[in-house]
Amino acid sequence: MRQFTADYLDETRRGMWEDRRALDPLELGDADRVLDVGCGTGELTRVLAEESPGEVIGVDADADLLAVAADHAPVVAGDATRLPFPDGSFDLVVCQALLINLPDPAATVREFARVSRDRVAAVEPDNGAVTVDSSVAAESRLEGRARRAYIDGVPTDVSLGGTGTRRVFDEADLDSVETRRYDHERTVAPPYSESALSAAKRKASGEGLTDDRTTMLNGDLSAEEFDDLRAAWRAMGRDVIEQMQDENYRRTEVVPFFVTVGRV
Ligand SMILES: C[S@@+](CC[C@H](N)C(=O)[O-])C[C@H]1O[C@@H](n2cnc3c(N)ncnc32)[C@H](O)[C@@H]1O
């Protein structure tokens with residue numbers, strides 16, 4: 001199972017769901033019992049609890065992340081592929097950025113349908129369609145190259161959002177499937193946050209890329225190409241830090257998420 005840190009989830013979900021219109025098809029106002037599967041630190045669980053009049057429960061396999069999510073809702077340790085609940089226990093079973101991490105997303109969605117008596121939903125990104133716009137000229141190109149190498153080597157479909165999730169819902173025999181796109185935009189601009197400063201340092205040290213080396217080499221990228229990419233990446237990181245020192249650095253990243261809802 002791929003591991004995530006609370007800091008990573010906090011940073012990558014920053015500002016997400018300030019605009020909640022894409023969640024309208026979940027009919028949260030009309031849900032007495034909601035289950036958030038793979039809830040992590042509870043970034044979506046908190047939104048569900050704010051919007052739904054009923055009980056919201058988070059479930060995850062990672063005890064450290066669950067301890068953070070417990071601030072937002074009751075939580076249960078469990079495996080998404082074998083949920084510890086009887087059939088038809090919830091009005092809505094939902095996940096965010098879970099299916100992209102699983103080897104058999106359709107089997108997991110069938111398990112969601114087993115414990116739901118009405119709706120199943122998934123909020124999944126298309127990581128192949130992420131865009132980056134930066135004041136450092138090389139950043140967008142290098143991030144695109146690193147992203148393609150990662151997607152090529154990762155064993156699950158991290159671009160599943162959009163048509164992929166719809167296909168999975170169809171395979172799981174859900175009815176009335178509907179999908180909405182929601183672009184999550186994150187901007188870095190002065191005054192720079194602690195996490196923006198540490199992200200820049202990680203670029204300049206090459207640390208972030210090194211963490212993904214094994215995955216990238218699983219795909220088409222050779223060790224030599226990885227070293228070249230890392231050298232260019234570190235130079236780009238130094239330019240980011242230099243621009244930050246002059247308060248000239250700006251970066252905007254857009255991650256397209258897709259909200260897919262179906263009925264059992
Ligand atoms: C990318 S994180 C998303 C967390 C949260 N839903 C969010 O969007 O902020 C994926 C989460 O799925 C959990 N996860 C992965 N495989 C799982 C499984 N088989 N059963 C339960 N949780 C799982 C991980 O522990 C992690 O918390």
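In each ligand, atom 1 is the first atom listed, and ligand 1 is the first ligand listed.
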Asker: What residue and atom, counting heavy atoms only, is the protein's closest point to atom 23 (C) of ligand 1, and at what distance?
Answerer: Leu98 CD1, 3.7 Å

Asker: Report yes or no: do Tyr192 and Val240 belong to one cluster of Ile/Leu/Val/Met/Phe/Trp/Tyr joined by side chain heavy-atom distances under 4.5 Å?
Answerer: yes

Asker: Which protein heavy atom lies closest to atom 17 (C) of ligand 1, and at what distance to 0.1 Å?
Answerer: Met1 SD, 3.5 Å

Asker: Would you please determine whether Val123 falls within less than 4.0 Å of ligand 1 on a heavy-atom basis?
Answerer: no

Asker: Between Asp211 and Arg202, does at least one N-O distance fall below 4.0 Å, as a salt bridge requires?
Answerer: yes

Asker: Would a single hydrophobic cluster contain both Leu92 and Phe257, if residues Ile, Leu, Val, Met, Phe, Trp and Tyr are joined by side-chain heavy-atom contacts under 4.5 Å?
Answerer: yes

Asker: If hydrogens are left out, which of Pro125, Ala6, Gly38, Ala97 has an atom nearest to atom 4 (C) of ligand 1, that is, the closest non-hydrogen atom?
Answerer: Gly38

Asker: I need the atoms of ligand 1 closer than 4.0 Å to a non-hydrogen atom of Asn101, numbered in the order shown.
Answerer: 1 (C), 10 (C)

Asker: Do Val34 and Ile57 come within less than 4.5 Å of each other through their side chains, counting heavy atoms only?
Answerer: no

Asker: May I ask you to say whether Glu185 pairs ionically with Arg14, meaning some side-chain N is under 4.0 Å from a carboxylate O?
Answerer: no

Asker: Does a side-chain N-to-carboxylate-O contact under 4.0 Å join Glu207 and Lys201?
Answerer: no

Asker: At what distance is the nearest protein heavy atom to atom 9 (O) of ligand 1, and which residue and atom is it?
Answerer: Arg13 NE, 3.0 Å

Asker: Any atoms of ligand 1 less than 4.0 Å from a non-hydrogen atom of Glu43? List them with their elements.
Answerer: 9 (O)

Asker: Taking Glu111 for its side chain and Leu83 for its backbone only, find out whether a donor-acceptor pair lies under 3.5 Å.
Answerer: yes

Asker: Any idea which part of Cys39 is under 4.0 Å from ligand 1, heavy-atom wise: side chain, backbone, both or neither?
Answerer: backbone

Asker: What is the minimum heavy-atom distance between Arg119 and Asp30, and which atoms define it?
Answerer: NH2-O, 3.4 Å

Asker: Report the part of Thr81 (side chain from C-beta onward, or backbone N, CA, C, O) that has a heavy atom under 4.0 Å from ligand 1; answer both or neither where that applies.
Answerer: neither

Asker: Using a 3.5 Å distance criterion without hydrogens, assess whether the side chain of Asn127 forms a donor-acceptor pair with backbone atoms of Val158.
Answerer: yes

Asker: Only heavy atoms of Gly78, strictly under 4.0 Å: list the atoms of ligand 1 that pass.
Answerer: 20 (N), 21 (C)

Asker: For ligand 1, which atoms sit closer than 4.0 Å to a heavy atom of Leu102?
Answerer: 16 (N), 19 (N)

Asker: Under a 4.0 angstrom heavy-atom cut-off, which atoms of ligand 1 come close to Ala61?
Answerer: 20 (N), 21 (C), 22 (N)

Asker: Could you pull out all residues at least two apart from Phe85 that satisfy ring-ring contact (aromatic ring centres under 6.0 Å, His included)?
Answerer: Phe90

Asker: May I ask you to identify the nearest protein heavy atom to atom 19 (N) of ligand 1, giving residue, atom name and distance to one decimal place in Å?
Answerer: Asp79 OD1, 3.1 Å

Asker: Number the atoms of ligand 1 from 1 as they appear, then name those within less than 4.0 Å of a heavy atom of Asp62, with their elements.
Answerer: 25 (O)

Asker: Under a 4.0 angstrom heavy-atom cut-off, which atoms of ligand 1 come close to Ala80?
Answerer: 18 (C), 19 (N), 20 (N), 21 (C)

Asker: Looking only at protein heavy atoms, which one is nearest to atom 3 (C) of ligand 1, and what is the separation?
Answerer: Gln96 O, 3.5 Å

Asker: May I ask you to list the atoms of ligand 1 that are less than 4.0 angstrom from any heavy atom of Leu65?
Answerer: 27 (O)

Asker: Do NZ/NE/NH1/NH2 and the carboxylate oxygens of Glu242 and Arg238 come within less than 4.0 Å?
Answerer: no

Asker: Which residue and atom name correspond to the protein heavy atom nearest atom 13 (C) of ligand 1, and how close is it?
Answerer: Asp60 OD2, 3.3 Å

